[in-house]
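Only one structure is covered here, and it is reproduced in the block below.
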Amino acid sequence: MNETDKRNLKDAISLRVRNLKDAIAYADPYRSTGTTYLHGPHLENKELESTNQSGAVVFPISLATTFRQSAPGEATGVNDPNSFGLGYEYSRTGNPTRGEFERAMAAAEKAKYCVAFSSGSAATSSVVHLLANGESIICIDDVYGGTQRYFRKIVSPAMGIQAKFSDFSDMEKLAEEIKDSENPKLLWLETPTNPTLKISDIAEVARVAHESGCMLAVDNTFCSPYFQSPLELGADLVVHSVTKYINGHSDVVMGIVCTNDHDLYTKLRFIQNGIGAVPSPFDCYLAHRGLKTLHIRMEASSRNAFAIAMFLEQHQGVAKVLYPGLPSHPQHELAKRQQHGFGAMITFYCIGERNQAAVVLKKLKVFTLAESLGAVESLAECPSLMTHASVPDEERAKLKISDTLIRLSVGIEACTDLISDLNNALNAAVETM
């Protein structure tokens, strides 16, 4: 930004901010989420708690694996809110740092309860463990490749829980799908989906699920709690890969499940302890630190994504762009109604064939060619060869996950640098045609 642009920006700000109300709106474009993300479970009670008697502003990391008992079978810290009334005996069962993070995430997701796991996949597995042999899952057809692989190759053959994949856009067809399934108990929904960014009506899916006696679990990873609140729309469970936006710095692998249902929470807590797929205290500390800047990061990356999506839609090297914020997106109006923003994930089809997509990905300099998403740095990948390579070929074809489909996770770098990077890479691909 040159000096003239900087002066024009300052002038524009001064024109917008004419009174205290304008100044407050300018200072907080985050819908007042920041206080919850930073102070979450402590907003109503600032009294010192048993695990933080020092008053440390940053909650201490408790690395202990075991805890002294006052008498045989009498756990320490029963009154500590981070022990959820159970006290501390063994760190797999309960840990102060993990409990602090779980309480913070429950507040962020507007839930009563949160249970943390060692990965997003472990969180998914914990939800499946709520089901019994002979029951079944109906999953949205366009879903993270690891989830589809887990349902197809582990859950169905090894656990006796059948998984079917269906389009969730037509409620009548979905109701029929449930009716035709054997002992259906769980609907699994991603919205937006990975990688084609389809949007489903959470409230309508929840209605159909509950009328059929099923639970609804929503993977809210792509939107994060900042842009979407599935529990308020009727979901029973919300799942996150904390690895992505919540942590946001590509240095933690973790997952969570949130719910308002005490019975489900009790079962999930038992599963967490029984399976033992718990995150380390240090990872909980890092993820909690990431949560404190979630609103700032999500706003910055989504603004970048909106501009990049508009740029891509105008570039000759792009055949089609899928971004919920664009009017061209099939569920644009639903996204406006259901979400608080459009997110920072973009999917587009480059022109040509697989070779052209490879040129684009190889020529990128600012974007990093890598799997995963939701970090401060921008990432690019080819789902058909990377994150969704495990999806059967015929399913990928049906879902239009072709070799020319590129998925972008837009970070918080300078928008002009990101657009310039994409422009250079796309131009190089066009030259090969």
Side-chain angles (χ1 to χ4, degrees), residues 25-40 101 104-111 114 120 144 190-195 197 199 202 218-233 238-252 254-256 258 286-310 322-326 329 332 334-347 367-368 372-380 407-415 417-418:
Y26 176 71
D28 184 17
Y30 312 110
R31 307 188 321 280
S32 301
T33 55
T35 306
T36 299
Y37 295 168
L38 267 78
H39 304 292
F101 173 66
M105 277 310 312
E109 193 53 90
K110 301 176 182 177
C114 171
Y144 167 52
E190 281 183 11
T191 180
T193 59
N194 182 3
L197 303 181
I199 310 290
I202 296 174
V218 177
D219 186 331
N220 200 30
T221 299
F222 269 30
C223 274
S224 86
Y226 182 69
F227 281 134
Q228 189 165 259
S229 304
L231 292 175
E232 292 190 333
L233 297 170
V238 175
V239 179
H240 284 277
S241 173
V242 174
T243 311
K244 313 308 192 292
Y245 287 109
I246 292 168
N247 178 64
H249 292 81
S250 299
D251 54 10
V252 166
M254 194 192 299
I256 59 169
C258 295
L286 287 175
H288 194 181
R289 185 175 68 169
L291 172 64
K292 293 177 181 181
T293 59
L294 177 66
H295 55 304
I296 298 171
R297 291 182 287 104
M298 291 303 295
E299 198 66 45
S301 58
S302 67
R303 291 184 183 192
N304 276 348
F306 199 104
I308 290 168
M310 293 180 68
L322 295 171
Y323 179 67
L326 295 176
H329 190 282
H332 174 64
L334 174 58
K336 282 170 45 177
R337 184 173 75 248
Q338 179 169 274
Q339 299 172 196
H340 305 302
F342 301 116
M345 299 300 299
I346 302 172
T347 292
F367 281 85
T368 299
S372 199
L373 59 104
V376 288
E377 61 273 355
S378 295
L379 305 176
R407 190 190 75 181
L408 302 178
S409 172
V410 179
I412 62 172
E413 300 94 339
C415 188
D417 291 336
L418 294 172

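Heavy atoms only: backbone and side chains are in, while hydrogens, waters and symmetry mates are out.
- The side-chain heavy atoms of Leu233 and Val218, taken from C-beta on, include no pair separated by under 4.5 Å.
- The shortest distance between side-chain heavy atoms of Val242 and Phe101 falls below 4.5 Å.
- The side-chain heavy atoms of His240 and Glu109, taken from C-beta on, include a pair separated by under 4.5 Å.
- Remark: the backbone N or O of Asn220 is not paired with any side-chain donor or acceptor of Gln228 at under 3.5 angstrom.
- A heavy-atom distance below 4.5 Å is not found between the side chains of Asp28 and His295.
- The side chain to side chain donor-acceptor pair (under 3.5 Å) search around Glu377 returns Ser250, not counting sequence neighbours.
- Judged by distance alone, with hydrogens and angles left aside, the side-chain atoms of Thr243 form a donor-acceptor pair with the main-chain N or O of Met254 at under 3.5 Å.
- You'll find the side chain of Arg407 reaches within 4.5 Å of the side chain of Leu373, heavy atoms only.
- Side-chain atoms of Thr347 do not come within 3.5 Å of backbone N or O of Leu322 as any donor-acceptor pair.
- Residues Leu334 and Pro324 fail the side-chain proximity criterion, which asks for heavy atoms closer than 4.5 Å.
- Side-chain atoms of Gln339 and Phe222, non-hydrogen and from C-beta on, never get closer than 4.5 Å to each other.
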Which pairs would a plain distance check flag for residues 298-308, meaning a side-chain donor or acceptor within less than 3.5 Å of a matching protein atom at least two apart in sequence or in another chain?
unit_1, atom_1, unit_2, atom_2, d
Glu299, OE1, Tyr226, OH, 2.4
Glu299, OE2, Arg303, NE, 3.4
Ser301, OG, Arg297, O, 2.9
Ser301, OG, Met298, O, 3.3
Ser302, OG, Met298, O, 2.9
Ser302, OG, Glu299, O, 3.1
Asn304, ND2, Gly411, O, 3.0
Asn304, ND2, Glu413, O, 2.9

